[in-house]
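Taking it in order: structure first as structure tokens, then the write-up.
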Amino acid sequence: AMLQQRAPAQFETMLDMFPVREAYEGFGRAKTDLEARQRVLATSGLLSVDIVVAGCKSTLQWLWELDFPPRTRVVVYDKCKHDVADFEAETRGLVGVVELEHRPLDEPGDGLMTGECTAYLAHIVQARREDRLP
């Protein structure tokens, strides 16, 4: 609004040079469509949230302090191959609050550490296979 007030001719030139109006109108249509889809999902009970954690040596008890929306699933990709008993001890404060999943995740290659990227990519690929992503 500042450019429009101080230099209206430049402002109009900018609008003519760049597809600002078209982009703004497209954004408005996309926003309206997204809001409509969110309303449908929220009222249908289909809306859910995945919290994806790539872990190795850190505790998971920090998750106990969070407020989760309904239908939340916490998926922990365990890069250090802890056993299920360790996972259950670390997440016992979440039982009954969220759906919990423990997924051991092997590193690719000869001791190559890929950090969190491998876990997040694995989650996206699995969600696509299960047709749980838009």
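The first residue in the sequence is number 1, and the count goes up from there.
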Between [X] and [Y], is any pair of side-chain heavy atoms under 4.5 Å apart?
X	Y	result
R103	H123	yes
Q126	I124	no
F87	D78	no

Identify the heavy atoms of [X] and [Y] that sit nearest to each other, and give their distance.
X	Y	result
R6	P8	C-CD, 3.7 Å
L105	A122	CD1-CB, 4.2 Å
W64	T91	NE1-CA, 3.9 Å

Quiz prompt | Y77 and V53: CA distance, side-chain angles, deciding distance, side-chain contact (heavy atoms from CB on, under 4.5 Å) verdict | solution = CA-CA 6 Å; Y77 287 87; V53 178; over 6 Å; no

Rounded distance (nearest 0.5 Å) linking atom [atom1] of [X] with atom [atom2] of [Y]:
X	Y	atom1	atom2	value
E90	Q61	CD	CD	5.0 Å
T118	K79	OG1	NZ	4.5 Å
E35	D33	CD	CG	9.5 Å
L60	L63	CG	CG	6.0 Å

Quiz item: If you count the non-hydrogen atoms of other residues, nucleotides and ligands that lie under 6.0 Å from CD in Q10, is the total more than 12?
Solution: no

Quiz item: So, E99 and T72: side-chain donor and acceptor under 3.5 Å apart, yes or no?
Solution: no

